[in-house]
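Atoms within each ligand, like the ligands themselves, are counted from 1 in listed order.
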Amino acid sequence: MAERLPVAVLGANGRMGSEAVRAVSAAGDMELVAALGRGDSLEGLLDAGARYVVDLTVPDATEANVRFAVEHGIHAVVGTTGWSEERLGALRRLLAASPGTGVLIAPNFALGAVLASAFAAKAARYFESVEIVELHHPDKVDAPSGTAVRTAQLIAAARSEAGLGASPDATTTALDGARGADVDGVRVHAVRLRGLVAHQEVLLGGPGEQLTLRHDSFDRASFMPGVLVGLREVAAHPGLTVGLDGYLDLGL
Ligand SMILES: NC(=O)C1=CN([C@@H]2O[C@H](COP(=O)(O)OP(=O)(O)OC[C@H]3O[C@@H](n4cnc5c(N)ncnc54)[C@H](OP(=O)(O)O)[C@@H]3O)[C@@H](O)[C@H]2O)C=CC1
Ligand SMILES: O=C(O)C1=N[C@H](C(=O)O)C[C@H](O)C1
């Protein structure tokens, strides 16, 4: 029988981390060797013999956690948001010195969300206007969501490739924030509401019609199949992969 993957979860006491602890513990091909929270030393990863980490912490901690993993040849599957282009660049340089190590930075592990972003990028070249509305629980610390930022980046790249510019917008006066955040020329609006988990709508408008692509995560179990796919694939994809779609054949 194949050896089970020795996995550690960082942020193990959080909403996502505690779900990941359950999912990894229940996976027959994985062994949960460590579950670390804030204040626990990363040396615990080495003591436990972890070869894989799942990082579900906070934007302020994730970069140092991943750096520690890569420096010790531990593959990392990262769901934590806050990975700017600058941070990704530094990580790529670090990985160049550790060529056998894989890192997946996945802004969203839910299959439907990954598909919705890919569909949105595909559709964006056919519509004059596109805006994103993301809706989350009010305990979320970052806005806009990592998923919305990634979706906007994919849309902007697809529109630029098709020779399209930003959506038309005649606004000349506006209250601060009324038009949302500008991510690569795409407007992103963030809603925070008790009762929500994680939701996103991409609104695409053309003369006389609208296409709405909506995804809903109703609970955090929705993210776990993607976390497990990430763990099973990360060692076979050395270097940096951004987006779970990098491991999936979406056929788009
Ligand atoms: N990719 C995806 O599919 C998803 C990604 N996310 C992202 O995952 C991250 C976590 O979200 P969520 O679980 O809701 O947040 P929580 O606030 O519930 O959990 C974060 C946890 O990380 C802990 N923590 C903080 N610093 C460290 C550290 N240095 N080492 C270990 N643990 C640490 C916190 O401890 P303490 O409680 O003591 O502060 C807390 O328990 C966010 O960035 C979120 O955007 C969320 C859902 C899906
Ligand atoms: O904090 C959350 O809850 C979520 N964070 C991720 C993000 O910022 O996109 C993924 C999902 O939207 C849930």
Without swapping roles, check the side chain of Arg4 against the backbone of Glu31 for a donor-acceptor pair under 3.5 Å. no
Which is closest to atom 33 (C) of ligand 1 in terms of heavy atoms, Glu19, His137, Arg38? Arg38
Quick one: which ligand 1 atoms are inside 4.0 Å of a heavy atom on Val58? 25 (C), 26 (N)
Should the proximity of Thr81 to ligand 2, defined as any heavy atom under 4.0 Å, be assigned to the side chain, the backbone, both, or neither? side chain
Pair Thr212-Gln210, side-chain donor/acceptor within less than 3.5 Å: yes
Output the distance between atom CD1 (Ile105) and atom CZ (Arg87), rounded to the nearest 0.5 Å. 9.5 Å
Could you measure the distance from the OG1 atom of Thr80 to the CG atom of Asp55? Nearest 0.5 Å is fine. 3.5 Å
Ser145 neighbourhood, listing ligand 2 atoms whose heavy-atom distance to it stays under 4.0 Å: 7 (C), 8 (O), 9 (O)
Heavy-atom closest contact (Lys140 atom, Arg192 atom, distance): CD-NH2, 3.9 Å
May I ask you to list the atoms of ligand 1 that are less than 4.0 angstrom from any heavy atom of Gly79? 1 (N), 5 (C), 6 (N), 7 (C), 8 (O)
Atom 7 (C) of ligand 2: which protein heavy atom is closest, and how many Å away? Gly146 N, 3.4 Å
Can you confirm whether something in the protein, heavy atoms only, sits under 4.0 Å from atom 37 (O) of ligand 1? no
Looking only at protein heavy atoms, identify the closest one to atom 4 (C) of ligand 1 and say how far it is in Å. Met16 CE, 3.8 Å
Give the atoms of ligand 1, by number and element, whose distance to some non-hydrogen atom of Phe109 is under 4.0 Å. 1 (N), 2 (C), 3 (O)
Please verify whether a non-hydrogen atom of His137 lies at under 4.0 Å from ligand 2. yes
Closer than 4.0 angstrom, basic N to acidic O: yes or no for Arg194 and Asp139? yes
Give a yes or no answer on whether the side chain of Ser222 reaches the backbone of Asp219 with a donor-acceptor pair at less than 3.5 Å. yes
Just to confirm my output: which protein heavy-atom neighbour is closest to atom 10 (C) of ligand 2, and how far is it? Pro107 O, 3.3 Å
Side chain Thr57, main chain Leu10, donor-acceptor under 3.5 Å: no
Testing Asp184, Leu164, Ile132 one by one against Ile155 for a side-chain contact (heavy atoms from CB on, under 4.5 Å), which residue passes? Ile132
Taking atom 23 (C) of ligand 1 as the reference point, the nearest protein heavy atom with its distance: Gly11 CA, 4.1 Å
Would you say ligand 1 has an N or O under 3.5 Å from any N or O of Gly14? yes
Pull out every atom of ligand 1 sitting under 4.0 Å from any heavy atom of Lys140, numbered as shown with elements. 45 (O)
Per-atom contacts, ligand 1 versus Asn13 - under 4.0 Å to a heavy atom: 41 (O)
Could you tell me the residue and atom name of the protein heavy atom closest to atom 12 (O) of ligand 2, and the distance to it rounded to 0.1 Å? His136 NE2, 2.6 Å
How far is atom 4 (C) of ligand 2 from the closest protein heavy atom, and which atom is that? Lys140 NZ, 3.6 Å
How long is the straight-line distance from CG of Leu248 back to CG of Leu111, given to the nearest 0.5 Å? 6.5 Å
Going by heavy-atom distance to atom 28 (C) of ligand 1, choose the closest among Pro107, Ala110, Ala106, Ala61. Ala61
With rounding to the nearest 0.5 angstrom, report the CG to CD distance, Asp216 to Gln200. 10.5 Å
Thr147 and Glu134: side chain donor to acceptor below 3.5 Å: no
Verify the cluster assignment for Leu46 and Val103: are they in a single hydrophobic cluster under the rule of side-chain heavy atoms below 4.5 Å apart? no
Could you find the nearest protein heavy atom to atom 16 (P) of ligand 1 and give me its residue, atom name and distance? Arg15 NH2, 3.6 Å
Ignoring angles and geometry beyond distance, decide whether Thr80 reaches within less than 3.5 Å of ligand 1 through its nitrogen or oxygen atoms. no
Using the ring of each side chain (for Trp, its six-membered ring), is His75 parallel, tilted or perpendicular to Tyr52, with breaks at 30° and 60°? tilted
For Ala198, counting its heavy atoms only, list the atoms of ligand 2 lying under 4.0 Å from any of them. 11 (C), 12 (O), 13 (C)
Which one of Leu56, Val197, Val141, Thr57 has a non-hydrogen atom at the shortest distance from atom 42 (C) of ligand 1? Thr57
Can you report which non-hydrogen protein atom sits closest to atom 9 (O) of ligand 2, along with the distance? Thr147 OG1, 2.5 Å
Under 4.0 Å from a heavy atom of Asn108: which atoms of ligand 2 are those, numbered in the order shown and with their elements? 10 (C), 11 (C), 12 (O)
At less than 4.0 angstrom from any non-hydrogen atom of Asn108, what atoms of ligand 1 do you find? 1 (N), 2 (C), 3 (O)
Verify whether one side chain among Ser167 and Ser129 offers a donor that lies under 3.5 Å from an acceptor in the other. no
Quick check: closest heavy atoms across Ala148 and Val188, and the distance to 0.1 Å? CB-CG1, 3.7 Å
So, does Gly146 sit close enough to ligand 1 that a heavy atom of it is under 4.0 Å from the ligand? no
With heavy atoms under 4.0 Å as the rule, classify the contact between Ser145 and ligand 1 as side chain, backbone, both or neither. neither
Just to confirm my output: which protein heavy-atom neighbour is closest to atom 43 (O) of ligand 1, and how far is it? Thr81 OG1, 2.9 Å
